[in-house]
S.K.: 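Sharing a structure here in structure tokens format.
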Amino acid sequence: MDSINWHSFFFLLFGLLASAFAVGVVVASSVVRMALYLIVALAATAGLFFLAGADFVGAMQIMIYVGGTLVLLVFGVMLTAQGPFVSMKTGGGDWLLASLVAGALLALLIPVAFSVPDWRGGEPAPAVMEPTATPIGVGLLGVRVDKLDADRPESLKPGMSSYLLPFEIVSMHLLVVLVGAAYLARTKRRRSPSQIES
Amino acid sequence: MNLLTEPVGVAHFMVVGAIMFACGVVCMAVKRNALGVLMGIELVLNGANINFVALGSKFLQKDGAFSLGLDGQFIALFVIVLAAAEAAVALAITLNFYNNHSTVDVDRANELKG
Amino acid sequence: MPGLGSLRNNTLVAEFFSQYMWSWAAYLLTGLIHCALLIQVGAVGALFFIWAERKVSGRIQDRLGPTRVGGMFGWLQSLADGIKLITKEDLMPDGADGLLFRIAPYISFCASFAALMALPFSDGWVAIPINTGVFFILAVLGLEVFGVILGGYASASKWSLFGAMREAAQVVSYEVPLGMCVVVPVLITGTMDLVQIGTFQEGWFTNWLILHDPFTFIIFWVYFTCALASVNRAPFDLAEAESELVAGFHTEYSGIRWSYFFMAEYGSMFAVSGLATILFFGGWNGPVPITGWLGLTHETGPIAGYIGNFLGLVNFVGKTSLFVIVMIWVRWTLPRLRIDQVMKMCLKFCVPIAAVMFLGATFWQRQFPGGVLLKTSYGDRYVVTEADTAAPAKSKDSAKPAAKTAGEASPGQPSADKTASVSHRVTKGS
Amino acid sequence: MDLDVLLPKLLCIAWLLPLASFTLIVFFGPRMGKKGILASYVAAGAIVTSFILSLIAFVSWIGANGVAAPGGHHGDEHAAVSPLPVDASNSPSPMRLASLADTHAADSHGHDEHAVHEVHKPVAYTGTWYTLGQFGDLKITISYYIDALTVCMFTMVTLIASCIHFYAIGYMHDELHDITDTQVLVTKGYRGHGHGHAGHGHGAHDAHAHAHDDAEHDDHGHGHSDLPPPPAGYDYLHRPGRFHRFFQYLSLFCFSMLGLVIAGNIAMVFVFWELVGVCSYFLIGFYIERKSASNAANKAFIVNRVGDFGMIIGLMALWGSLGTFAFGDVDGQQGLFSQVRNSAHNYELRTPDGMVLQAASDEIARGVEPTAKQIETWRSEKLGYWLLVIAGLGIFCGCVGKSAQFPLHVWLPDAMEGPTPVSALVHSATMVAAGVYLVGRFYPMFTPEVLLVIAYIGLITLFIAATIAITASDIKRVLAYSTVSQLGYMMLALGIGGWSAGLFHLITHAFFKSLLFMCSGSVIHACHTNDMFRMGGLRKKMPWTAYTMLAGCLAIIGTPLFSGFYSKDAIVAQAVMFTKQNPAHGILLYGFAGGAAMTAFYMFRLWYMTFSGKPRDHHVYDHAHESPKVMYVPLVILSVFAVSVGWTMPFFGLSLTNLLEQARPAGEIGTGVLLPALSYPAEYLSHAPSVHLIATLIASATAAGGFLLATLFYGVHKLDAADVKRQFNPIYYFLVHKWYFDELYNFIFIKPLFFVSSIISKIDKNLIDVFIDKLAVGVKALSRVDDAIDRYVVDGFVNVIGNWTYSAGRSLKAVQTGKLRQYVMFIVVGTVALTVIMQWALAAE
């Protein structure tokens, strides 16, 4: 027996976890359970990111997705968690239809994934893991360390831009979104009694 | 191939991504709870993210002819951040919807029916 | 094992074991050893700190605290309590969501335990050396609240639900200033690797980052406040405010599940205190460089290095415990805040102060890249070697200062060094 | 700091400060303090700071260049400044064109008697601040040309302007609140075009307001307690005060004037020339609701435009042939002066190569090679000389307009419609001085022929204006004509080669004329009338004004020891020398002397009628009062200067003439080319004691004669003016009607213009309008057709499409279920289907 490839082993572990809990999200009827499963699925995805060598993105996944997004979701659950809304049943026809469509989607996507020979794996990959936090951080500030010109190390390859502008846009976007969300979700002023009478 | 003994490739990651994507789609399609739909969106985005990261990874392809390089991670980062923003807005919309209709059933939100 | 280069140290240990058994078993064994050690930190630490809490609170309230169990000072009191908890009947309310109710304490405990995985206890003594360690600890600690929320929700009790909601609001809010505070040491050291941050402060206590500049000094106190809030300690313990919510989110819990929550709380207290120690108080580097004087470094030899590391561990745990005890002291001294005061504290004070300090530290770093008090040795230590700087086309006279700044901006491991110095050069050039 | 760095900086700041003040007031004027009172402080502060800066520049100039006139022209009077051995061609720019004794040139060309005197190039700092644009070789720049003249002018302008700013704070006080203008009648119920409408609107005229133009030219329309009731059906105009606007214009004016003075090229001069004209227009028309004021403003502007037309011709002649506008050499490029008079030829006037080539362009086109030798040949054939004459005459044309010389002098007296501080600043001290200044600045370019024209124009002007002034009854008009006359003096002086004499008189005149105007303003302020026949005996009521005005009068008539004496003396001396050398033009001296006598006569007529004797109108007399301190303190300051500005400072040896000598253009005027008989004496020759003695005698005698006559008529009433008036009735009316100039122009220009325009209007109405009408009818018919097409074809088409879209929308409506989950399904199914179809399609390929 060949020795176990631990990378593949952990991939299988995390992949199965992610898939299983993603299915769990679909199947679960309680919103809170859905949230729990989603967390596990997302955390497993973070594990997949680590396996793919994207440690910074993985950490971000945990920090923002799992930490931030889901706390927000749970927040919403708490605010709307009153008896009848926790679970709402859907008709069997809907389920059937959705499954068919999803099946078609999978049938489309999975062959596509295997259609490129290079993507099928099987060859041992380079072993050294490089930290990605610094290149990503510098890249967000406008310099792509990984795209340096071999001839002139002080400059980028022609046409290789970086992500300073998207970064700024996303920052502004986040700010606007937070303000907008706060505005949307604010407590509505109750109508005064006099208005109700009239 | 024996997945336990041979190195995995991009395709395997993409399969996981596809499964999450499909689950997300089903989730959006069958959940009547607005929060369920939201979670479906998160799953869909996450499935896409897996593809980006996998295509940018150095460990999964030998020569990297189709590799996105660090760009994959950048895109994934932006997706994560935008997903957070989207979740915040969607939650706010949901809360507003709840305030107006006293429910989070998306089937009841059909006032824009043609 | 390709791709898991971050588990390098463990790989060494595992390879040692794998001479005697199957490799997978060797890896498993390695992992188990680490886990066992870390759980000891959680469990034994909890025992000690609970005892310390009782003693401290006793002294503060002008009484003696536990005195009997275990002889002097009642130092076995916590153990006795633990045994009692384990043997207690495990209750679950009727309307509870069984799965979530059961799983919630584990989630909390796992989160605080996972945070300890990335915490270095001495130079290089860390379970998993992640080069985004700071980030990882923050992210994982943020997950602890999830268990609390699930527990509160699953209990089907309005007290629990209220407690959980309060906690969610509080923790989500305080993560923002906490993150900002943590960014400042990262900014100064140029790395998120906790080991490197610790090594950065080697030498005298003047090298500690809290004394690096006025902004770090102020931001430490903001960090400490936010840390208190994010681990739900008094005066921010609204999630378990007895006077209002019975016992908050763990009202319905008892027995061993309750004790998991308890351990999670003390575990995360230890984690944030340890983080504070590393980020601001030199980690395992003492106020006085005794290990250096005694020659207990890796340069002298592996045994001496091991002893030095052990002294560092003692140093680290001592400082961390000191912070935990300060937390205890705060708890029994200050009254609990109202929820609106908690929020106001975060949004109106902590966030702006942290933001301003962050800006200030940025400018300080720009103006005095070496800090002001930091004078001693680290400057030479991180000079990039000639091989790193000679390769790119750069004039000879400018190579030296560039190397120095690059070294200060990003000290540390050789593999990261090259990237860092290159990136620095690019930033200057563009 | 070196002077070549310091001076441009100082003067630039001094120049731009009023602009800053103007900008501030434009934007924030009405909000500056109560009713804009702060605007005056801003403007005054700016100009005072400018003055201080100019003074620093003045002092540092003296510190660097000494107080003595350069060269040995003055024999033993002044020690000659040792010339600095700096080679002008090598020195960097902005270069210090040192007093260069070009002895080599003098030796090699030592053919005439002047060559024994060293020829100096004046010290001047040139440079460029900003290049606006470059067209071929021509650079349009903001540049500077700073020499002693510039510095003196700067100090003089800012000093007088400062005094006038302070004076105006008091004088314009009424504008701080709403004003009832008794000179403007509006129909009852008219409320004006809204308060505070910007710019010079046509408010009152539009509303059929009638200018109530009686003999009284009252600057002050504000209500007295004893307002005569307005005629039935009319109201007096009631309008908000415009205090800040006044100071805004003053600031802009100061900026423009200083820019004109510091300008380093003739194009920049022209720009500021126009700006000055615009300011003058604004200020004359300050009381825009009065028809007379608005007419006067228009008149001033249009008459100036006539002169500017000539100036543009001159500019074109210069640009077309010489390719540069700059006065001095900048960045190694030869300026105008160097092209006309260069050191290689001992600074003698030579037709510049460019003009020669321009004039010889026909021959060049025919293939004659323009070699250096050929150019010399052409030059000796006087080719291009006419171009130089035309350029000079053109530039002088502009000066004629601006300095109100005959025949364009008609606007200046009417300009007295503006507030009195404006009259003092704009129409006596500075703006009208701009013309004289430009003649002085442009002096090296003028050929003897042009100078002769200048001299005669000056003579005619001074004579006409002096005669009119004798009969004028309006106190300000007397002064206005006096100004015109004095400007004539200056032009005359410049025209007969008295360069420093003319400019010296320009500066002394600026002081005493602004003093006189401000005194008259003070009187008007007190009496609320301009009419001298209603004044009298005011000396007791307003002593400060009376005696400062007396000082001004003494100065203007050239009483010994007063400043006017020195300048007039210099002019007379030059005139004596000139007529000695050119007996044919003796009239220049006699006309001059006659003018001087008339000056003395009308000035003292004015003073006596105003201040001495018995009050003629008791109503006016009772109201009269001394002006406030803010008004008479500037008077005192100015009177000090009016007396002393011509003196040579004891111990220092500092005198204005010496300073001006430092800026004297290099080279002699020489003899005329077209008029060979004409030859100009060098100015230093007139400093000979023998000439001076004659000059002093002439000047003093004429002045004394005029003064005595005035005293006889108006001081002691030995002779009755009315008798004389009766006796010379036709002449009197001829003079009262200002030589019928306005009527003449009316007949020659305006009437024909109206005639021509009426014909054109008829053509327009009967031919063009009819054609357009017919065209319109045709278009109307065409549009009917078009309308039908639009209605039935285009609209029908659009309607059909619209109906299709509508029905399609109705049938597709059902798809829009409003259910979120179905939409998700649609998206996914669509994506899958699209992919499948595409794959199928690609595979089919």
Side-chain angles (χ1 to χ4, degrees), chain A residues 2 4-5 8-9 11-12 15 18-19 22-23 25-26 31 34 38 42 45 48-49 52-54 57 60 64-65 68-69 72 76-77 80 85 88 90 94-95 98 102 105-106 109-110 113-114 118-126 135-136 146 163 166 170 173-174 177 180-181 184-185 188, chain B residues 1 3-16 18-20 22-23 25-27 29-30 32-33 35-36 39 42-43 46 50 53-54 57-62 65-66 69-70 73-74 76-78 80-81 83-85 87-89 91-96 98-99 103-105:
Chain A
D2 289 339
I4 292 175
N5 185 322
S8 299
F9 171 76
F11 165 75
L12 274 185
S19 309
V23 174
V25 174
V26 177
V31 176
M34 276 162 61
L38 184 60
L42 295 181
T45 312
L48 287 179
F49 288 169
V57 179
M60 280 287 279
I64 294 180
Y65 243 133
T69 310
L72 276 175
V77 173
T80 57
F85 313 119
M88 278 175 276
T90 316
D94 278 350
W95 275 102
L105 200 60
L106 275 181
L109 287 177
I110 290 175
F114 282 100
D118 268 356
W119 290 355
R120 287 183 200 144
E123 307 97 348
I136 286 182
D146 56 327
Y163 289 86
V170 159
H173 178 83
L174 267 180
V177 156
L184 273 180
K188 298 285 182 298
Chain B
M1 64 185 281
L3 275 181
L4 270 180
T5 56
E6 283 182 44
V8 291
V10 178
H12 301 89
F13 274 75
M14 289 173 89
V15 169
V16 177
I19 292 173
M20 286 190 98
C23 288
V25 168
V26 176
C27 200
V30 300
R32 281 168 59 203
N33 192 325
L35 294 164
M39 291 183 201
E42 302 291 347
L43 275 178
N46 216 58
I50 290 180
V53 170
S57 170
K58 282 183 183 166
F59 301 111
L60 308 176
Q61 306 180 58
K62 200 170 64 181
F66 293 90
L70 212 50
Q73 297 190 27
F74 276 115
L77 269 184
F78 284 123
I80 290 174
V81 171
V89 172
L91 258 182
I93 292 174
T94 307
L95 288 179
N96 223 6
Y98 177 73
N99 281 339
T103 177
V104 286
D105 186 353

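All chains are named by letter (A, B, ...) in the order of the sequence lines, taking the proteins before the strands, and each is independently numbered beginning at 1.
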S.K.: To check you understand the geometry: which heavy-atom pair defines the closest contact between B/M14 and A/A113, and what is its length?
M.R.: CB-CB, 3.7 Å
S.K.: Hey, can you tell me if B/H12 and A/F11 have their rings parallel, tilted or perpendicular (30° and 60° cut-offs)?
M.R.: perpendicular
S.K.: Where do A/I110 and B/A18 come nearest, in terms of heavy atoms and distance?
M.R.: CG1-CB, 4.4 Å
S.K.: Let me know if A/L48 has heavy atoms under 4.5 Å from chain B in its side chain, its backbone, both or neither.
M.R.: both
S.K.: Closest approach of A/A98 and B/V26, non-hydrogen atoms and distance?
M.R.: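 Looking at all heavy atoms of both residues, the closest pair is O-CG2, 3.9 Å.
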S.K.: What I'd like to find out is whether the side chain of B/V81 reaches to under 4.5 Å of the side chain of A/H173, using heavy atoms alone.
M.R.: no
S.K.: If you measure from CG on A/L106 to SG on B/C23, what distance do you get to the nearest 0.5 Å?
M.R.: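 It is 7.5 Å, given to the nearest 0.5 Å.
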S.K.: Could you tell me the separation between the CD atom of B/E42 and the CG atom of A/L42, rounded to the nearest 0.5 Å?
M.R.: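 Rounded to the nearest 0.5 Å, the CD-CG separation comes out at 7.0 Å.
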S.K.: Could you tell me which non-hydrogen atom of B/F74 sits nearest to which non-hydrogen atom of A/P135, and how far apart they are?
M.R.: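 Nearest pair, atom of B/F74 first, then A/P135: CZ-O, 4.1 Å.
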S.K.: Out of A/V57, A/D94, A/L109, A/V23, return the one with the most heavy atom pairs under 4.5 angstrom to chain B.
M.R.: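 Among A/V57, A/D94, A/L109, A/V23, the one with the most close pairs to chain B is A/V57.
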S.K.: Below 4.5 Å from any heavy atom of chain A, which atoms of B/F13 appear? Answer side chain, backbone, both or neither.
M.R.: both
S.K.: With sequence neighbours left out, write down each residue that passes side chain to side chain contact (heavy atoms under 4.5 Å, CB included) with A/A18, or none if nothing qualifies.
M.R.: A/A44, A/T45, B/V16, B/M20
S.K.: Look at B/G36, B/A29, B/A85 and state which one has the largest set of heavy-atom pairs under 4.5 Å with chain A.
M.R.: B/A85
S.K.: Applying ring pair (Phe, Tyr, Trp, His ring centres under 6.0 Å), name anything that partners A/F49, two or more places apart in sequence or on another chain.
M.R.: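 Ring pair (Phe, Tyr, Trp, His ring centres under 6.0 Å) check on A/F49 returns nothing, list empty.
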S.K.: Looking at every heavy atom in both A/A54 and B/V53, which two are closest together, and how far apart are they?
M.R.: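 It is CB-CG1, 3.7 Å.
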